[in-house]
Amino acid sequence: MQNKHQHNSPRSLIYLIGFMGSGKSTLGRQLAKVLGWEFIDLDDLFEEKFRTTIPLFFKEFGETGFRDAEKATLHDTITMKNTVIAAGGGTPCYFDNMEFMNKNGVTMYLKVLPEELASRLSSSKIVRPLIQGKKGDELVAYIREKLTEREPFYNKAQIIADGTSFNLNDYLKVLEGAGITYDP
Ligand code: S3P
């Protein structure tokens with residue numbers, strides 16, 4: 001667990017980042033509940049904004065179109081306060097999205113090993129265009145390759161946290177160190 005930046009003023013946005021299946025939404029919901037904050041899943045916000053589903057959007061506009069629209073959705077979060085936001089797995093890796101999140105909130109990367117991600121994703125019901133049809137060794141290999149590409153972006157997070165074995169109190173403690181205040 002590292003905490004690279006300290007803030008003196010209270011901060012009111014938390015961006016959870018990490019690969020698909022790293023637990024951003026699950027942890028986000030739990031954190032929001034304890035903090036008494038809102039929880040927003042960026043993928044849901046996207047689908048509301050564009051009135052479609054992510055798989056359909058990919059089909060129609062491709063990944064390039066998706067990344068543009070995802071950036072626009074991310075920018076909508078700037079007006080939010082007291083909110084935990086689960087980013088999409090690719091959000092930090094395009095444009096200056098990582099800088100945007102670092103500037104506007106506390107960013108936390110949930111780090112999980114490829115094998116564990118593959119196992120979680122294999123049993124997930126959510127349709128994810130990038131891994132559709134992949135399973136077993138092919139899925140692990142894809143995750144490994146993508147993670148190598150994406151980790152330099154994920155590693156720009158203010159907090160790098162273990163996404164496997166930490167409990168809620170550990171996350172709260174490190175967030176407190178990053179300027180997130182709450183009444184326990
Ligand atoms: C993506 C992750 C997904 C979603 C889209 C693309 C990615 O979000 O934004 O399918 O590029 O890793 P989750 O990480 O919430 O699954």
Side-chain angles (χ1 to χ4, degrees), residues 13-32 38-77 80 83-102 105-135 138-157 159-164 166 171:
L13 276 184
I14 297 170
Y15 291 98
L16 298 179
I17 66 162
F19 207 79
M20 296 173 260
S22 57
K24 304 176 295 270
S25 301
T26 307
L27 177 66
R29 261 186 213 102
Q30 293 172 354
L31 283 174
E38 297 291 322
F39 168 75
I40 294 274
D41 186 313
L42 201 69
D43 292 339
D44 294 342
L45 200 63
F46 181 103
E47 293 187 337
E48 255 169 55
K49 184 176 172 74
F50 295 99
R51 295 171 193 276
T52 183
T53 66
I54 288 177
L56 278 175
F57 199 95
F58 258 78
K59 234 178 245 162
E60 198 167 347
F61 302 105
E63 186 172 354
T64 312
F66 173 75
R67 295 306 170 193
D68 282 336
E70 181 185 47
K71 177 183 172 179
T73 312
L74 177 66
H75 280 231
D76 290 346
T77 63
M80 295 175 182
T83 307
V84 183
I85 298 153
T91 313
C93 315
Y94 295 86
F95 311 107
D96 57 351
N97 291 350
M98 199 59 223
E99 286 69 28
F100 177 89
M101 291 188 275
N102 271 330
V106 172
T107 51
M108 180 155 77
Y109 168 32
L110 299 182
K111 197 176 166 117
V112 177
L113 292 175
E115 291 74 13
E116 171 66 17
L117 290 169
S119 139
R120 292 184 190 180
L121 289 167
S122 304
S123 54
S124 165
K125 288 191 212 87
I126 299 168
V127 179
R128 293 169 162 107
L130 294 179
I131 55 165
Q132 223 173 343
K134 294 187 179 66
K135 52 180 197 283
E138 193 199 352
L139 181 60
V140 178
Y142 175 82
I143 294 173
R144 209 170 271 140
E145 193 189 314
K146 267 284 189 231
L147 256 185
T148 309
E149 232 176 84
R150 288 181 169 187
E151 274 214 302
F153 296 94
Y154 294 160
N155 285 334
K156 291 186 196 168
I159 301 166
I160 297 174
D162 185 333
T164 318
F166 268 74
Y171 293 113

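Both counts, for ligands and for their atoms, begin at 1 and track the order of listing.
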Q) Of all the atoms in ligand 1, which lie at a distance below 4.0 Å from a heavy atom belonging to L130? A) 7 (C), 11 (O)
Q | CD/E115: more than 12 non-hydrogen atoms of other groups inside 6.0 Å | A | yes
Q.
Taking only non-hydrogen atoms of R150, do any sit less than 4.0 angstrom from ligand 1?
A. yes
Q | Heavy-atom side-chain proximity of F166 to L27 below 4.5 angstrom | A | no
Q | Exercise: identify the closest heavy-atom pair between G88 and D43 | A | CA-OD1, 4.0 Å
Q: Report yes if F66 has an N/O atom closer than 3.5 Å to an N/O atom of ligand 1; otherwise report no.
A: no
Q) If you measure every N/O of E63 against every N/O of ligand 1, is any gap under 3.5 Å? A) no
Q) Does F46 have its ring centroid less than 6.0 Å away from the ring centroid of F57? A) yes
Q) Do N97 and K71 come close enough that some side-chain heavy atom pair is under 4.5 Å? A) yes
Q.
Closer than 4.0 Å to some heavy atom of D43 - which atoms of ligand 1 meet that?
A. 3 (C), 4 (C), 8 (O), 9 (O), 13 (P), 15 (O)
Q. Under a heavy-atom criterion of less than 4.0 Å, does R67 contact ligand 1?
A. yes
Q: Can you sort out which atoms of ligand 1 are near R128, meaning under 4.0 Å from one of its heavy atoms?
A: 16 (O)
Q.
Checking side chain to side chain contact (heavy atoms under 4.5 Å, CB included) between F100 and each of L74, T107, T91, which is the one that passes?
A. L74
Q) Against heavy atoms of P129, which atoms of ligand 1 measure under 4.0 Å? A) 10 (O)
